[in-house]
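Contents: one structure, followed by commentary.
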Amino acid sequence: MITNLKHLLKRRTGWILLLVAFIWIKTVIAYYWDFNMGAMDPMQHLLLIINPLASTLLLLSLTLYFKKPKATYLIAFVIYLLETILLYSNILYYREFNDFISFNTIVSVGKVSKGLGSSAIAMAQIHDVIYFVDLIILIILLGTKKIGFDSRPYSRLQAFTITSLALAGLSLNLFLAELSRPQLLLRTFDRTYIVKYLGLNSFLAYDGLKTAQSNSLRSTAQGTSMDPVLQFVHQHYAAANPQYAGVARGKNVIIIHLESFQQFLIDSKVKNQEVTPFLNSLYHDNNTLSFANFFHEVGQGKTSDAETMLETSLFGLPEGSFFTSLGTNNTFQAAPAILDQQQHYTSAVFHGNIGSFWSRDTVYKNMGYHYFFDQKYYQQTADSNTYWGSKDKLLFSESIKYLEQLQQPFYAKFLTVTNHNPYELSDVDTDGFEKPDTNNTMVNNYFATAHYLDEAVHEFFDYLKSSGLYNNSIVVLYGDHFGLNEGDESALAPLLNRDPNTWTEFDHLQLQRVPFMIHMPGLKGGIQKQYGGEIDSLPTLLHLLGVNTKPYIFMGSDLLSPQHDQNVIFRNRSFITPKYTVVNNNDKMTIYQNSNGEKLFQPDELLRQKLQKISHNKNHELELSDTINKTNLLRFYTPQGFTPVDPKKYNYQNQYQQLLKIRNNLGEHSTSLFSHNGNKSTTGLYKTDAPELQNNNAPIYEIPQQNNFSSKPRHKAQ
Ligand code: GP9
Ligand code: MN
């Protein structure tokens with residue numbers, strides 16, 4: 001065996017395999033030591049362990065095609081060095097940004113120096129030596145002639161065999177990855193995911209390909225491409241309703257993103273228990289504008305699509321997620337920046353999942369978010385997380401420490417996660433809620449996690465009241481998208497008192513309603529019957545806050561405006577009007593009547609034409625939105641009174657320290673809740689029955705472990 005090995009090291013194949021082995025071993029060490037890959041099950045661990053192998057072998061096998069042995073040895077060594085540099089740069093970059101280096105980061109010099117310049121040294125750690133030990137071993141092996149230079153010719157067939165082996169390995173890797181995470185490349189959730197399943201090389205290749213594609217599309221656009229967009233926006237503009245315009249001016253805005261929450265949950269009962277008693281009470285509250293006919297309009301980007309619409313009033317893309325594919329480089333004119341520039345709002349997102357998911361850590365900077373509190377700001381114990389991050393009750397209660405430090409008015413968004421499929425939660429968390437007994441576990445569980453989410457929101461509202469924030473805030477609650485998919489609906493139907501045998505595609509589309517509630521003490525509320533969708537939420541909110549939306553490129557319109565467009569288009573181009581539901585199947589329209597769900601087999605010509613026209617207009621709207629996003633058109637247009645966002649101004653590290661520094665600098669001018677409360681924390685006012693926090697009188701607030709590096713506040717003091 002040993003002699004075989006010694007023998008191998010004296011051949012070209014041996015040289016290649018040795019380099020592959022070194023890269024492989026140190027990459028796996030980095031996965032477990034330096035990166036937080038979040039492998040959850042044996043399959044994910046297996047993928048982590050094997051994924052550097054095939055792509056490295058593939059790259060190095062290419063050097064075997066050189067006739068001259070010197071070339072093989074030398075170029076293979078250069079590839080090995082480049083791989084080492086790539087790995088180590090990623091380690092340093094990850095320590096600062098909790099993310100992997102994208103193709104764009106490499107090509108744009110500014111960002112590289114930002115990520116890997118002088119600061120890189122500060123990111124280095126003693127144990128990093130391990131990533132270079134192999135280099136020393138190599139030198140020793142070469143020096144002691146253990147590695148021999150094989151000058152014999154290398155047959156093409158042999159080289160081809162190795163390349164084929166690498167390609168087969170790569171396919172197997174891809175197959176296993178799809179098995180473990182369906183739609184991995186289609187939805188491109190997160191850089192970490194791609195690295196986790198396919199490795200650093202494949203990630204970079206994939207990212208490079210995507211970037212090249214979008215760059216070539218972008219280069220076709222020019223300033224005049226905005227003309228049809230401006231024309232549409234001008235015609236489509238719906239002026240604010242004078243009854244509501246500016247009624248929430250100056251209030252804090254609190255957005256509560258109800259994960260996977262569908263409207264049918266509101267007022268529903270299971271085994272005589274109200275599923276979401278608190279949200280029901282909000283829905284019926286006189287101070288809540290509750291939109292009964294509000295639809296999600298997401299595509300494959302799910303949560304990220306909902307966020308795109310809510311923050312920009314532009315649609316997500318027809319395929320994939322806008323956040324991950326284009327959002328990291330596009331120009332935005334989004335809610336946080338608009339509110340900051342118009343009314344000096346401080347903005348923050350609170351989310352218990354890792355920051356790189358959906359590329360939020362980059363996209364939020366482009367949107368102008370001042371702060372982003374992601375998973376590392378929340379306690380991480382064995383039972384504090386579900387698959388998607390911090391449990392909602394913990395998310396809300398642990399956020400208070402940060403929320404109370406935000407300068408007011410603030411625009412704060414809470415992204416919940418517990419009500420996300422597979423909707424698994426222990427009985428202790430769901431507080432004895434009895435699940436339904438359908439034969440579909442997903443359906444049964446869904447009601448229990450929705451119940452948990454309801455309690456979490458309730459606790460948060462209690463805090464808003466006890467801390468006084470309630471009186472100067474406007475709270476917006478929305479469901480981002482469906483929680484149960486079409487396949488689950490037959491199990492769900494009986495719970496909605498429906499016969500699954502008569503369930504149609506009409507029912508499926510009608511079920512895409514999600515809550516949209518705007519609550520504020522003193523607001524003239526009530527259940528609103530007008531139709532609308534996620535695309536309409538931003539103009540509605542901005543008008544309530546007294547912002548003139550006319551200069552902005554929004555696809556939606558104010559739900560409260562008499563000129564509001566009530567036709568709602570979905571990403572698959574089916575649409576709903578207040579009277580009809582139209583299913584689009586390869587451009588063939590099937591029309592249903594909303595009043596009774598009946599299919600119109602022979603609609604009269606006039607109606608057909610009318611619906612055709614709506615279809616045409618709404619498709620035009622989707623196409624315009626896609627052109628804006630795909631060709632990054634907003635870079636050619638700056639709304640009056642708006643300054644383009646500079647993402648470099650934002651730094652999501654050491655945010656707690658940044659907030660304290662701003663508070664100290666402002667002294668008595670600080671407007672944070674903490675300052676208004678006589679420089680006393682309000683965290684003690686938070687009451688939660690979260691079992692994870694029961695053994696302590698007060699919640700444990702772990703100050704996130706962070707590097708002291710670059711703790712300068714980048715956000716200007718207001
Ligand atoms: C993860 C969360 C879930 O951070 O937002 O995203 P989804 O799978 O619903 O799109
Ligand atoms: Mn979601």
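Residue numbers start at 1 and run along the sequence shown. Read the numbers this way: they start at 1 and go in the same order the structure lists the ligands and their atoms. When reading the values below, keep in mind they use all heavy atoms of this one structure, side chains included, and skip hydrogens, waters and symmetry mates.
- Using a 4.0 Å cut-off to heavy atoms of H481, the atoms of ligand 1 that qualify are 9 (O).
- Ion pair D626/R571 flagged as a salt bridge, since at least one NZ, NE, NH1 or NH2 atom sits closer than 4.0 Å to an Asp/Glu carboxylate oxygen.
- Any N or O atom pair closer than 3.5 Å counts here, and H351 shares at least one such pair with ligand 1.
- Annotation: S260 places no N or O atom under 3.5 Å from an N or O atom of ligand 1; distance criterion only.
- Paired with K391 under the rule side-chain hydrogen bond (donor to acceptor under 3.5 Å, both in side chains), one option of D429, T416, D383 passes, and it is D429.
- A cation-pi arrangement is not found for K413 relative to F350, the charged atom failing to lie both closer than 6.0 Å to the ring centre and inside a 45° cone about the ring normal.
- Those atoms of ligand 1 with a heavy atom of N353 less than 4.0 angstrom away are 1 (C), 4 (O).
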With side chain to side chain donor-acceptor pair (under 3.5 Å) as the test, would you mind laying out the steps for T540 and D536 before giving the verdict? CA-CA 6 Å; T540 311; D536 302 313; over 6 Å; no

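- Residue-ligand proximity, E259 to ligand 1, at heavy-atom distances under 4.0 Å covers atoms 9 (O).
- Side chain of Q273 to backbone of K269: no donor-acceptor contact under 3.5 angstrom is found.
- Under the 6.0 Å distance and 45° angle rule, K210 does not count as a cation-pi partner of F103.
- Under the 4.0 Å criterion applied to side-chain N and carboxylate O atoms, D374 and R360 are not assigned as salt-bridge partners.
- Draw a line from the Mn ion (ligand 2) to OG1 of T303 and another to NE2 of H481, and the angle between them is 120° (to 10°).
- For ligand 1, the polar-atom distance check finds no N/O of W388 at less than 3.5 Å from any of the ligand's N/O atoms.
- Here the Mn ion (ligand 2) is the vertex; the OE2 atom in E259 and the OD2 atom in D480 give an angle of 110° (to 10°).
- When each atom of ligand 1 is checked for a heavy atom of H420 under 4.0 Å away, the hits are 3 (C), 6 (O), 7 (P), 8 (O), 9 (O).
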